[in-house]
Amino acid sequence: MENLSALAQTIVKTMEQMMRAGHSHVPAENLIKAVRKRKSANNSQLAQALQETLDVHVLVQTTLPTGETVIYQPRMLQMEKSVAKRLKSIAASKASLSPSKLKATLKRIASSSTLSDEQFAAVQGSIANKLSVLTGGPGTGKTTTLKAVLDLAQHMYLTVALCAPTGQAAKRLTQPTGCEATTIHRLLRYNPEEKDFGYNAGHRLSEDLIVIDESSMIDLWLLHHLLRAVKDSACLLFVGDIHQLPSVGAGNVLHDIIQSGVASVFNLTTIFRQGEDSHIVTNAQAINTGEMPNLSNQSQDFFMFRVPTEQIGKMVSDIVANRIPDNFGYAPEDIQVLTPMYKGVAGVDDINQRLQAHLTDSSWCVQLKQGRFKVGDRVVQTKNNYDDNVMNGEVGQIAFIDKKKKTITIQFDAERVVYSYKKMWQIKLAYAITTHRSQGSEYAAVVLPIHEGMSQMLQRNLPYTAITRAKKLVVLVGSDEAVQQAIRNVSATERWTALASRIGQL
DNA sequence: TGGTAAAC
């Protein structure tokens, strides 16, 4: 890197930025265009600088199956190729079960099943096919279907690995399925010091069926390591909602797997949770198709308060502390504020300060390095804590502060955990959390501040993910223009990836 | 230039 010219270094940095935006590669002309925005240079200087990065293999140039000339970081190219190859070879290998046995077992199960037709087809398909995808919005019965898949697998004496990208998603999966779920990292025996995995191409998992929930959150890197560690004869089932926020890391893998046709796709469409007149459901569907949601405040479960940006914070506190409890009977504990970012107006930090001041009194409080905690505060665990069985993203309430012992007791859903002040770095206020962190969680009521200052975070998946977290009530606070801006913006999901075309080419 | 997360 030090040996490169200044312009070549700018190209490398621009490329890194593109990876951070989620792309697996960049078309050569788009890369040059992006570099031009940072540094002025003429065509031949740019071509020469790009050649410099290619000569030392910091970047590589390649032609996609589509004929397009694109630039990759070498490791990204290698991962994308490897993922395509693994998917293809798993799909082509024989499964370790007999079709006649499947047929017989299915027949037995069908008679006692309460599954809908589309759910039953998914259950059958995900055992009969090597690679399957189970998609559908919230309330369509993905977990019910998953449970039936696991039952079927058990009847057929298949060994199963049940996993998810996050600790919380794994924990949530364990209870309804009655099957121990782990994070993908744990399943593969991740070693952070070596940055490698105990299970890999040379030492594969023995399980016949691998089920991966919340797979919209998986990036190219994690899928690469998972597929390396899976035996060729295994069946894979990816479960997720493609309309939720894309992975923060590079790739668009669930989307690409579906698009490539390498997997059988089962899309659940019937919603069982809310009634048909629910605006939560219809508005989520409208947003998905790029239409403006119905914000007329005519329904019983979907409302919008139109206020100028500088008044959003104040209005959100009023809604959480007074309006929702008074008018709908939900306590502040049942209400979750979801917002795109930490900083700025109506960001996580802003809302947390306001609601802490509004909702808890100061008689029992302690000032720690990272901030003030009060008895009654709503807080969130920010790292998987296997000792106390509290996962990253779990929300609880401060029950007790012991100033002599220097401990804080937090009541979570099922656990009551004592934290020393020293351990409190794992805990943050949670009156508001980011929409990203809410993925996979559900709340009775969701309050969503949305204003134009949130500019680049205003993406179509954002209001979709936020409002589909709500079981009973959604309240938007902000401006129609910001909602419109978010719905029009699909740039986060339009990533340059070539996984689908690579699979097609093999 | 900015913004989002996760794993042991």
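Chain letters run A, B, ... following the sequence lines, proteins first and then strands; every chain starts at 1.
For A/N191 and A/Q17, each mapped to the nucleotide of DNA chain B holding its nearest heavy atom, the one lying further toward the 5' end belongs to A/Q17.
Summarising the geometry, the separation between NE2 on A/H436 and C1' on B/dA7 is reported as 17 Å, rounded to the nearest angstrom. One can place CG of A/D349 at 12 Å from P of B/dG3, the figure rounded to the nearest angstrom. Rounded to an integer number of Å, the gap from A/N385 CG to B/dA6 C1' is 16 Å. A straight line from CE of A/M19 to C1' of B/dG3 spans 17 Å, rounded to a whole angstrom. Whole-Å rounding puts the A/L245 CG to B/dT4 P distance at 12 Å. In this entry the distance linking CG of A/N461 with P of B/dG3 reads 19 Å, nearest Å. Straight-line distance from the CZ atom of A/R495 to the C1' atom of B/dT4: 10 Å, rounded to whole Å. The separation between A/Q244 atom CD and B/dT4 atom P is 18 Å, rounded to whole Å.
In this model, no side-chain donor or acceptor of A/Q456 finds a partner on the base of B/dG3 within 3.5 Å.
In this structure, A/R186 forms a cation-pi arrangement with A/Y386, its terminal cationic atom sitting closer than 6.0 Å to the ring centre and no more than 45° off the ring axis.
Residue contacts shown for A/R189 are absent, as no nucleic acid heavy atom lies under 4.0 Å away. Using a 4.0 Å heavy-atom cutoff across all strands shown, A/N392 reaches sugar-phosphate atoms only and no base atom. Across all strands shown, A/E193 has no heavy atoms under 4.0 Å from either base or sugar-phosphate atoms.
In this structure, A/D208 pairs ionically with A/K231, as a charged nitrogen and a carboxylate oxygen lie closer than 4.0 Å.
Phosphate contact (OP1/OP2 of B/dA5, side-chain N/O of A/T434, threshold under 4.0 Å): present. Considering only side-chain N and O atoms, A/R20 lies nowhere under 4.0 angstrom from the phosphate OP1 or OP2 of B/dT1. The side chain of A/N384 places no N or O atom within less than 4.0 Å of a non-bridging phosphate oxygen (OP1 or OP2) of B/dA6. Distances shorter than 4.0 Å separate some side-chain N or O of A/Y342 from OP1 or OP2 on B/dA5.
Taking the six-membered ring wherever Trp is involved, the centroid distance between the rings of A/H185 and A/Y190 falls below 6.0 Å. Residues A/W425 and A/F373 keep their aromatic ring centres 6.0 Å or farther apart.
Here the nucleotide nearest the side chain of A/V248, chosen from B/dA7, B/dT4, B/dG2, is B/dT4.
Exactly one residue among A/V149, A/T140, A/V211, A/L268 makes a side chain to side chain contact (heavy atoms under 4.5 Å, CB included) with A/L134. That residue is A/L268.
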